[in-house]
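The structure's right below; bear with me while I get my questions together.
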Amino acid sequence: MSLLKQIQLLVTLLLLITLIIVLRINFNTARDFTANQSYLNAKNLANVLALSFSSRPSDDVFVKTSINAMFDGGYYESITLVHRDGNVIYKKSEALTVYGVPAFFLNHIDLIIPVAEAQVMDGWSVFGTLQIKGHPGQSYKKLWEILKQLCLQFLLLGSIVIFINYLGLRHLLRALEKIKLQAQKISNNEFIINPDIPKTPELKKVVLAMNIMVQKVESIFNRHLESLTRYQELRYKDHITGLHNRPFFVKQLAHFIKNRGEKAQGQVIMLGLTEMEGIELSGDRPLTHKIFKHLAKILKKETESVEDALVARLPRREFGIILPDSRSEKGLAIAKAVISNFIAGLSHEKALPDSIEVYGGLASYKYEDDLSTVLSKADYALSKARTGLNGTVKSFREEQSQAAIGKAAWKTLIEEAFSENRFFLTAQPVMSGADEFHREVFVNMVDRQGVQYRAGLFIPMVVTLGLASRLDQYLLEQSDRYLSINPEHALAVNITTEFCRDRLACLWLRKFLMEHKSLKDRLVFEIHETTLIRYPEIFIDFVGLITGMGFKFGLDQYTMHDASLSHLKKIKPHYIKIERDYLEVFDDPEKVDMVLNALFTISASLGIKLIATKIENEAQRLVLADRNINYFQGYGIAGIAPLRDKNE
């Protein structure tokens with residue numbers, strides 16, 4: 001029961017008790033007054049009759065006639081004339097019957113009307129005593145009317161007082177309601193300041209204290225967020241061009257290669273500058289920086305049409321480009337455009353020497369390629385290009401053991417898998433000690449010959465064919481079927497960017513969630529960080545749909561990107577999955593510890609769980625466990641296994 005209701009109930013009880021006491025006092029006063037009035041009337045009549053009888057006390061006819069006349073003309077219970085020797089000379093009375101008054105009132109209200117007496121004289125001696133008792137019926141009627149009026153007045157008065165008291169309490173406790181709301185927001189890891197300071201001293205102190213606490217927590221959060229962002233820039237950004245550096249380039253390429261989605265295949269371009277030795281030996285650093293910035297500007301412009309393209313400055317006057325989900329023709333065209341624009345810029349800019357030469361090397365990567373092999377191919381292609389004329393671009397070529405599957409063949413294969421239900425699910429658990437947090441679901445495909453394809457091989461074509469939403473729906477339906485048979489398990493399903501952007505798919509999802517609310521604690525949605533970076537508004541709307549239905553979501557493949565860091569406080573995922581490479585110590589243990597502490601503080605203040613992925617062995621798990629990470633995923637924890645029912 002709320003404080004308002006408790007106070008209102010207490011005030012109502014006190015008011016009710018007070019009104020009952022006052023009502024009883026007023027009623028008793030009215031009752032005594034009515035009884036006294038009846039007695040006085042009877043007393044006056046007795047005196048008048050006694051005086052009249054004193055002139056002719058022995059005249060029985062006169063006495064009886066007078067008594068009968070008075071009795072019939074008044075409202076009396078009895079009139080009695082008693083001789084001085086105690087004998088009743090004459091008595092006139094009637095049965096006590098009261099009309100117009102409820103029986104319960106007569107039974108519970110005692111109305112005592114005294115008998116009025118007057119002496120009848122016979123000369124100088126007493127002849128007898130005249131006794132008159134008023135009838136209580138009239139008094140009961142008056143008392144009943146008085147009681148009804150008192151109850152009505154008290155009811156109206158009590159209602160008015162209770163209503164005014166309710167309004168007053170609501171006004172006084174409005175500040176307390178805001179304190180309650182602020183406390184709820186704080187418990188949900190939201191930083192909210194209460195601007196309305198109440199005038200009540202006790203409540204004022206509470207509000208000010210809570211505001212100060214929130215400001216301190218938010219200050220700590222922002223300070224750690226700023227530290228993390230600044231460290232990311234220092235560690236992964238080139239301070240001259242503003243591009244990413246080689247460590248980030250290598251990390252992202254490894255991330256794309258291991259990605260099970262459409263980014264699992266693409267192109268890597270290496271660009272190298274030559275004939276800059278003279279400028280560097282002259283010590284003209286501003287000119288060197290200007291050349292690098294000029295090339296960086298061209299790289300950004302030419303790659304902006306490719307989603308999630310990454311441009312980085314590498315050592316030895318080299319630049320690298322990653323073009324995920326792109327074919328070699330696209331990569332070759334971009335490389336040639338960059339080189340052509342760079343050479344043209346050198347000839348048009350007088351401040352830039354036109355003697356600088358630029359070359360390009362191109363290599364393809366695909367799902368689960370070896371990282372060092374991909375980089376070696378690109379370096380080899382660049383070395384081959386340097387043997388040619390200025391502006392040469394070479395692509396690495398290798399013999400294929402079998403012909404690549406064309407788009408038409410992929411389309412047939414995928415559509416057959418849908419129609420013949422030849423997709424199957426595998427899962428890898430996330431563990432915390434010996435407890436299973438959930439299982440991440442992966443989709444696989446098998447053709448008619450029994451050849452299996454993992455997601456990284458066919459998902460890019462699924463996206464290209466516009467079938468990503470359909471596949472996600474299939475995943476959710478199969479996960480629902482599995483969870484209905486295995487109530488002890490929880491599953492995490494990856495949702496593609498295309499599904500989030502598909503309005504019809506979101507309408508389907510709303511209906512699905514409404515029909516399966518019982519799964520809200522066992523079905524989790526995982527969304528890639530790239531979706532948040534590329535489409536923040538769509539991402540926020542999508543997670544609003546999920547959380548509005550009571551379901552949870554996690555942020556997958558988290559890289560601590562500036563854009564995603566700035567949105568963490570707003571979206572507040574249930575957990576974030578971050579690869580081990582982003583949590584390991586590379587060059588400066590103290591700085592990495594600072595970053596991890598900042599990340600832990602941010603996640604803890606928002607109630608977000610950290611899950612380290614790509615754990616390959618126990619030693620890696622122990623290193624991260626010492627840094628207070630409690631959730632792990634990877635082959636060193638548990639492998640990927642078919643998702644089968646417990647009865648299979």
Side-chain angles (χ1 to χ4, degrees), residues 184-191 221 224-225 228 427-433 435-442 472 475-476 479-480 482-483 487-497 499-500 506 509-510 512-514 516-533 536 538-561 563-579 582-583 599-613 615 624 628-634 637:
Q184 290 175 343
K185 295 291 185 180
I186 293 173
S187 66
N188 292 330
N189 303 299
E190 297 180 23
F191 308 127
F221 175 87
H224 283 288
L225 183 62
L228 192 58
Q428 186 178 41
V430 173
M431 304 298 294
S432 177
D435 299 326
E436 182 178 293
F437 183 58
H438 67 230
R439 297 183 182 185
E440 183 178 356
V441 178
F442 308 113
D472 283 350
L475 273 173
L476 289 170
S479 299
D480 167 47
Y482 176 83
L483 291 173
E488 70 279 6
H489 290 161
L491 297 181
V493 178
N494 282 279
I495 300 298
T496 61
T497 302
F499 188 94
C500 297
C506 290
L509 179 62
R510 179 184 296 276
F512 176 86
L513 297 179
M514 292 182 66
H516 299 85
K517 287 187 176 181
S518 59
L519 300 179
K520 64 182 181 180
D521 295 324
R522 298 192 295 125
L523 180 61
V524 186
F525 294 82
E526 284 191 5
I527 312 173
H528 289 189
E529 182 193 41
T530 53
T531 306
L532 173 62
I533 296 172
I538 293 176
F539 184 98
I540 292 172
D541 289 342
F542 186 80
V543 299
L545 169 62
I546 295 173
T547 56
M549 294 290 183
F551 287 78
K552 299 182 179 69
F553 78 96
L555 203 56
D556 194 19
Q557 299 181 6
Y558 187 65
T559 62
M560 294 185 285
H561 193 280
S564 59
L565 278 173
S566 64
H567 284 97
L568 268 187
K569 185 165 65 173
K570 186 173 184 179
I571 63 175
K572 288 192 300 183
H574 182 52
Y575 60 84
I576 56 177
K577 286 186 175 180
I578 183 168
E579 294 182 5
Y582 291 94
L583 300 172
L599 182 60
F600 296 150
T601 301
I602 292 172
S603 60
S605 63
L606 296 175
I608 302 173
K609 294 179 175 62
L610 284 178
I611 300 176
T613 62
I615 306 299
L624 295 176
N628 298 319
I629 294 181
N630 300 315
Y631 298 90
F632 303 94
Q633 183 181 20
I637 305 300

For I629 and L610, which heavy atoms make the closest approach, and how far apart are they?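 Residues I629 and L610, closest heavy atoms: CG2-O, 4.1 Å.
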
R522 side chain to H489 main-chain N or O, any donor-acceptor pair under 3.5 Å?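 At least one qualifying donor-acceptor pair exists.
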
The test is side-chain contact (heavy atoms from CB on, under 4.5 Å); show your working for K552 and D521 and say whether it passes. CA-CA 8 Å; K552 299 182 179 69; D521 295 324; 3.7 Å; yes

Can you see which heavy atom on M514 is nearest to which on K517, and at what distance?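 Heavy-atom minimum between the residues: O-CG, 3.7 Å.
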
Give, for atom CG of L606 and atom CG of L568, the distance between the pair rounded to the nearest 0.5 Å.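 Rounded to the nearest 0.5 Å, the CG-CG separation comes to 6.5 Å.
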
Atom of I495, atom of C500 and distance for their closest heavy-atom approach: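 Taking every non-hydrogen atom into account, CG2-SG, 3.9 Å.
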
So which atom in Y631 and which in K609 form the shortest heavy-atom distance, rounded to 0.1 Å?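 The answer is OH-CE, 3.4 Å.
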
Under a 4.5 Å cut-off applied to non-hydrogen side-chain atoms, are Y558 and L565 in contact?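 Y558 vs L565: side chains touch.
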
Would you call V430 and K577 a side-chain contact if the rule is heavy atoms closer than 4.5 Å?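 They are in side-chain contact.
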
Looking only at heavy atoms, which two atoms of L513 and L545 are closest? And how far apart?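 Closest approach of L513 to L545: CD1-O, 4.1 Å.
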
Applying side chain to side chain donor-acceptor pair (under 3.5 Å), name anything that partners D480, two or more places apart in sequence or on another chain.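 Partners of D480 by the side chain to side chain donor-acceptor pair (under 3.5 Å) criterion, ordered by chain and then number, come out as H516.
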
Describe, in one word, how the ring planes of Y575 and H438 are oriented to each other, choosing from parallel (under 30°), tilted (30 to 60°) and perpendicular (over 60°).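 Aromatic pair Y575/H438 classed tilted.
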
Please confirm whether the backbone N or O of F499 pairs with a side-chain atom of T496, one donor and one acceptor, at under 3.5 Å?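 Checking the backbone N and O of F499 against the side chain of T496, a donor-acceptor pair under 3.5 Å is found.
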
With the side chain counted from C-beta on, respond yes when P429 and I637 share a heavy-atom pair under 4.5 Å apart, and no when they do not.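 Counting from C-beta outward, P429 and I637 never come under 4.5 Å.
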
Please state whether the rings of F437 and H574 are parallel, tilted or perpendicular, taking 30° and 60° as the class boundaries.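 Parallel.
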
Euclidean distance, L555 CG relative to F525 CZ, rounded to 0.5 Å: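 Output value for this atom pair is 15.0 Å.
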
Between CD1 on residue I576 and CZ on residue F553, distance to nearest 0.5 Å: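 One finds 11.0 Å between CD1 of I576 and CZ of F553.
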
Check for a donor-acceptor pair, side chain of E529 on one end and backbone N or O of T559 on the other, with a separation under 3.5 Å.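 Yes; judged by distance alone, with no hydrogens or angles, the pair exists.
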
Could you check if a side-chain atom of L509 sits within less than 4.5 angstrom of a side-chain atom of L476, using non-hydrogen atoms only?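 In short, these two side chains touch, coming nearer than 4.5 Å.
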
Looking at every non-hydrogen atom in both residues, tell me the closest pair between I540 and I571 and how far apart they are.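 Minimum heavy-atom separation between I540 and I571: CG1-CG2, 4.0 Å.
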
Is it true that the side chains of Q557 and T530 contain a donor and an acceptor less than 3.5 Å apart?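 The answer is no; no qualifying pair exists.
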
Any chance you could measure F539, atom CZ, to T531, atom OG1, to the nearest 0.5 Å?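 One finds 7.0 Å between CZ of F539 and OG1 of T531.
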
How far does CD1 of I527 sit from CG of D556, to the nearest 0.5 angstrom?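 If we round to the nearest 0.5 Å, I527:CD1 and D556:CG are 10.0 Å apart.
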
Verify, without hydrogens or angle tests, whether T613 (side chain) and Q633 (backbone) share a donor-acceptor contact under 3.5 angstrom.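 Looks like no, no N/O pair under 3.5 Å.
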
